[in-house]
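Heads up: the structure comes next, in C-alpha cells.
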Amino acid sequence: RRPRPETERRLREALAEAPPEPVRIGVLGPLTVTRGAEPVEIGAEKQRLLLALLALQPNRTVRREDLVDVIWDEPPPSCLELLHTYVARLRRALRPADLIATDKGGYRLAVGEDELDLLRFEALLARDAYEEALELWRGPALADVERLRQHPARLGLAMRRAKAVLAYAAVADPE
C-alpha cells in the first residue's frame, strides 16, 4: 500500500531528473548521431546504413524491399527478420526519442528540423538563407557511408547543395 522508503527515494530522484537531451542526426557530412554533446553509438555497418537510408528520406516511408536492396548485395533468406532486428537496435540506441516509425510496408524516420540537419538545410533554403544553410555542411553528404555513394537520394542531395551554392553566389554577387 505504501512504497518502501528506498523505493520512494528513487521515485523522487527519477522525477526530479531533467529530461534527456534531444537526439540529433547529421547527414550533411559523415553520419553522426548525438545526444547533447555526446555521440550516440548506433551499431554496426548495416545499422548505420539503415539509419542513413531513412535519414536521406525523412518523414517518408521507405519500403522494406528498397532497404533490403541497398543493405545486401545478395539478401539472405532471413533478411526481413534481420531488418526488423536492426530497426529494434536503432530504436534502443535513439531512446528515449521514438524516431523510427513502422508504416505499412516499411519504416519512416519521423524527425523535425531540430533533429536532422538535412531538414534544417531545406528549411533555411526555403527562406533563402543560403549562407546559413551551407554552413551546416561538414563535407560530402554521408561521406563515410560508401554504399550510398551512388544512391539517388544522396545524389539528389548533392544537387540541392550545388544549386544552393549557385543561388548564394548569385545573391552575393548580383552582377
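Atom set for the values below is all heavy atoms of this structure, side chains included, hydrogens, waters and symmetry mates excluded. Please read all numbers here as calculations on a predicted model, not as lab measurements.
- Annotation: side chain of Tyr107 is not in contact with side chain of Leu50 (no heavy-atom distance under 4.5 Å).
- Heavy atoms only, all atoms of each residue included: Leu119 and Pro58 are closest at CD2-CG, 3.6 Å.
- One finds the CG atom of Leu124 at 11.0 Å from the CG atom of Asp117 (value rounded to the nearest 0.5 Å).
- Note on Leu155 and Val27: separate hydrophobic clusters, where clusters join Ile, Leu, Val, Met, Phe, Trp and Tyr whose side-chain heavy atoms are under 4.5 Å apart, directly or indirectly.
- For Ala123 against Glu113, the heavy-atom pair with the smallest separation is CB-OE1, 3.3 Å.
- Between Val62 and Leu53 there is no side-chain heavy-atom pair separated by less than 4.5 Å.
- Between Glu41 and Arg89, no side-chain nitrogen of the basic residue sits less than 4.0 Å from a carboxylate oxygen of the acidic one, so the salt-bridge criterion is not met.
- Connection of Trp72 to Val145 is established within a shared hydrophobic cluster, with ILVMFWY side chains joined at heavy-atom distances below 4.5 Å, either directly or through further cluster members.
- Interatomic distance, Leu90 CG to Leu51 CG, rounded to the nearest 0.5 Å: 5.5 Å.
- Heavy atoms from other residues, nucleotides or ligands lying under 6.0 Å from CD of Glu45 number 12 at most.
- Exactly one of Leu142, Ile71, Leu31 qualifies for a side chain to side chain contact (heavy atoms under 4.5 Å, CB included) with Leu49. That residue is Ile71.
- Looking only at side-chain heavy atoms (C-beta outward), Leu82 and Pro76 come within less than 4.5 Å of each other.
- Two residues are said to be in side-chain contact when any heavy atoms from C-beta on lie closer than 4.5 Å; Arg120 and Glu132 meet this criterion.
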Where do Arg60 and Asp103 land on the salt bridge (Lys or Arg N to Asp or Glu O under 4.0 Å) test, with the steps shown first?
CA-CA 9 Å; Arg60 283 180 251 162; Asp103 287 337; over 6 Å; no
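- Cluster annotation: Leu67 and Leu80 are assigned to the same hydrophobic cluster (Ile/Leu/Val/Met/Phe/Trp/Tyr, side-chain heavy-atom contacts under 4.5 Å, transitive).
- Across every non-hydrogen atom of Leu157 and Ala141, the tightest pair is CD2-CB, 3.6 Å.
- Side-chain contact between Pro140 and Arg149: absent, with no pair of heavy atoms (C-beta onward) separated by less than 4.5 Å.
- Between Ala55 and Leu116 the shortest heavy-atom distance is O-CD2, 3.6 Å.
- To the nearest 0.5 Å, the span separating CD on Glu21 from CD on Glu38 amounts to 9.5 Å.
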Test side-chain contact (heavy atoms from CB on, under 4.5 Å) on Arg147 and Asp73 and set out the steps.
CA-CA 10 Å; Arg147 194 148 178 100; Asp73 288 326; 2.7 Å; yes
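- Heavy-atom neighbours of Arg4 CZ from other residues, nucleotides or ligands within 6.0 Å: at or below the threshold of 12.
- At a threshold of 4.5 Å between non-hydrogen side-chain atoms, the residues Thr102 and Arg91 count as touching.
- Residues Leu136 and Val171 share a hydrophobic cluster, clusters being chains of Ile/Leu/Val/Met/Phe/Trp/Tyr side chains in contact below 4.5 Å.
- Using a 4.5 Å heavy-atom cutoff, the side chains of Leu118 and Ile25 are not in contact.
- Here the closest non-hydrogen pair linking Val40 and Arg35 is CG2-N, 3.7 Å.
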Audit row: Arg138, Thr32, side-chain contact (heavy atoms from CB on, under 4.5 Å) steps and yes/no
CA-CA 11 Å; Arg138 300 169 283 111; Thr32 59; 3.6 Å; yes
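- Taken from CD in Glu115 to CG in Leu109, the straight-line distance is 8.5 Å, to the nearest 0.5 Å.
- Proximity of a side-chain donor or acceptor of Arg154 to a complementary backbone N or O of Leu56 within less than 3.5 Å is not detected.
- Distance check: Ile42 CD1 to Arg48 CZ gives 4.5 Å after rounding to the nearest 0.5 Å.
- Note: Tyr130 and Tyr168 have tilted aromatic rings, judged against thresholds of 30 and 60 degrees for the angle between ring planes.
- Note that the CD1 atom of Ile100 and the CG atom of Leu94 stand 5.5 Å from one another [nearest 0.5 Å].
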